[in-house]
Number of protein chains: 2
Amino acid sequence: MLAADRPTPEVSLVTQLRAYLAQANLPEDRRLPPERELAGLIGVSRAELRKALDVLEQEGEIWRHVGKGTFVGGRPLDTFADIGALARRSNPTEVMRARLAMEPELARSAAFMATPADIAEMRLCLARSRQAETWRQYEGWDTRLHRTVAEATHNALLLGLFDTLNAVRRAVTWGRLRVQPVKPAPDHHSFAEHERIVQAIEDRDVAGAATAMRTHLQTVERKLLARQDQPSEG
Amino acid sequence: MLAADRPTPEVSLVTQLRAYLAQANLPEDRRLPPERELAGLIGVSRAELRKALDVLEQEGEIWRHVGKGTFVGGRPLDTFADIGALARRSNPTEVMRARLAMEPELARSAAFMATPADIAEMRLCLARSRQAETWRQYEGWDTRLHRTVAEATHNALLLGLFDTLNAVRRAVTWGRLRVQPVKPAPDHHSFAEHERIVQAIEDRDVAGAATAMRTHLQTVERKLLARQDQPSEG
DNA sequence: GCTTAAACCAAGATGAAATTGGTTTAGCAT
DNA sequence: ATGCTAAACCAATTTCATCTTGGTTTAAGC
């Protein structure tokens, strides 16, 4: 381009762009023309335009995404976490790792925050799971025990995260048939491990609660890897 | 079809279908062939097949959806984690506690799984955050650093949980304006703390990474409680 | 050296066509 | 009439090819 086109080089392209953004009436979604087009409109090279857009993006005045375009304003936050999509991208191994990352910390927090009512419910779940006549019943009480621990943190966000994790776990684990006609053996590893978790929480043993939960989940992981016909719950 | 093909009409089509479901090895998603095809396979009319499928659906053994297909097992729960509702029930304190529960474990896992590319991106975020000219810019790089750590776990589920946590954090923190004209001081506590986190991850020091992240978040928590006019990020 | 234009890439949008469960209709045999 | 079958039709959904778009690389040009 000729020098005469830009008689005032001290007026930076960034400023020029800001002026354009203010003047141009953009569509409802505040999307501005594609870079190639915009470069032609303003009369600069695409590379130069992009450098200016980089600045505006750093400033937070615009946001860009490949395939979508460039938009004025802050990046919109998606208000929903899609469990299904998450489950599709994940797998049983990842679920196990995620449980190992989260649940010990939930147990730790529960040991701090649990009320007597929380602990009573945990003990109820323990007892019912021992009385279970089928694996399905056992799984129900097992799931409820783990959720009670999450509830005992008395933190709505942590509980929500646990529920999300749990929903993904169920979605991921769904396919595998578990035709276990027999009921859990009285010496099933989970009974003692669950007991230790609840006891640690009752004793306000924060480190012990986390450790007990981690140990428990590691056992579940080992069984899960060894034999696919075992329930994946724990 | 000839009567000879079905010499035992008392064996209902439903039973026959159940046998088929047990025997056939279905794809990962447990989807069975389209009705038209399945009808041909079994050798019955589509109408008759559908009547049997109706029973199985009633029993809860399968579920169907137009355009999708027919699947064995329970209908997947289409629960979306509602970030907005979660944010409404939560508060900054809970968010902080949730970060303290999750992010050290993410750092620990990242120390295991991070690739050189992950670490390079972390270092980039570090450098940019130091160069930030405004708090807004700093926050952007800080957020990106923390998310890179979550990415470095190479666990889609953990990343999803982190994103959910982060979305709630942003939603909860929404109201508070932070008009901090000055840029972060060169000795801002987070610089050194972030550096320690990344270094531990690079050194494959799993315990150190978790500890560094916990220490960092505790500092953020302290600052947050002491002075509301500080950025809540860290 | 620096800029520019062009090519290339992968993520996302778009739209036509095919697929699929659900429903209706017409034919046909009993 | 009754009951079954095949075919057509419908709307929801997937699939696939194509286009768009920001991001990146490359090489020519000055």
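Every chain is numbered from 1 and lettered A, B, ... according to where its sequence line falls, protein lines coming before strand lines. Atom set for the values below is all heavy atoms of this structure, side chains included, hydrogens, waters and symmetry mates excluded.
Closest to the side chain of B:Arg50, from the set C:dT20, C:dT23, D:dT24, is C:dT23. Taking every side-chain heavy atom of B:Glu48 into account, D:dT5 is the closest of C:dG22, D:dT5, C:dT4. The side chain of A:Lys68 has C:dA13 as its nearest neighbour among D:dT21, C:dT4, C:dA13.
Remark: side-chain polar atoms of B:Glu35 are not paired, donor with acceptor, to backbone N or O of B:Arg46 under 3.5 angstrom. Judged purely by atom type and a 3.5 angstrom limit, B:Ser109 has no side-chain atom pairing as donor or acceptor with the backbone of B:Glu105. One N or O on the side chain of A:Gln137 and one on the backbone of A:Glu133 form a donor-acceptor pair closer than 3.5 Å.
Across the protein-nucleic acid pair, A:Arg64 atom CZ and D:dT24 atom C1' stand 12 Å apart, rounded to whole Å. Between the C1' atom of C:dG12 and the CZ atom of A:Arg31 lies a distance of 10 Å, rounded to the nearest Å. If you take NZ of A:Lys51 and P of D:dG22, they are 18 Å apart, rounded to a whole angstrom. One atom, CD of A:Glu35, and another, C1' of D:dT20, lie 12 Å apart when rounded to the nearest Å. Between the P atom of D:dG22 and the CG atom of A:Leu32 lies a distance of 8 Å, rounded to the nearest Å.
At least one side-chain heavy atom of A:Trp63 sits under 4.5 Å from a side-chain heavy atom of A:His65.
For the helix from C:dG1-D:dC30 to C:dT30-D:dA1, the angle separating the two terminal helix axes comes to 20°, with each axis derived from five pairs and the value rounded to 10°.
Under 4.0 angstrom from either OP1 or OP2 of C:dA11 there lies no side-chain N or O belonging to A:His65. Using a 4.0 Å cut-off, no side-chain N or O of B:Arg46 falls inside it from OP1 or OP2 of D:dT5.
The environment of B:Gln58 atom CD is sparse: at most 12 non-hydrogen atoms of other residues, nucleotides or ligands sit within 6.0 angstrom.
No hydrogens or angles were tested; on distance alone, a donor-acceptor pair under 3.5 Å links the side chain of A:Arg36 to the base of D:dG23.
B:Arg18 and B:Gln23 share no side-chain donor-acceptor pair at under 3.5 Å. Under 3.5 Å, the side chains of B:His146 and B:Asn166 contain no donor-acceptor pair of N or O atoms.
Map B:Val66 and A:Ser45 each onto its nearest nucleotide of DNA chain C; the residue landing nearer the 5' end is A:Ser45.
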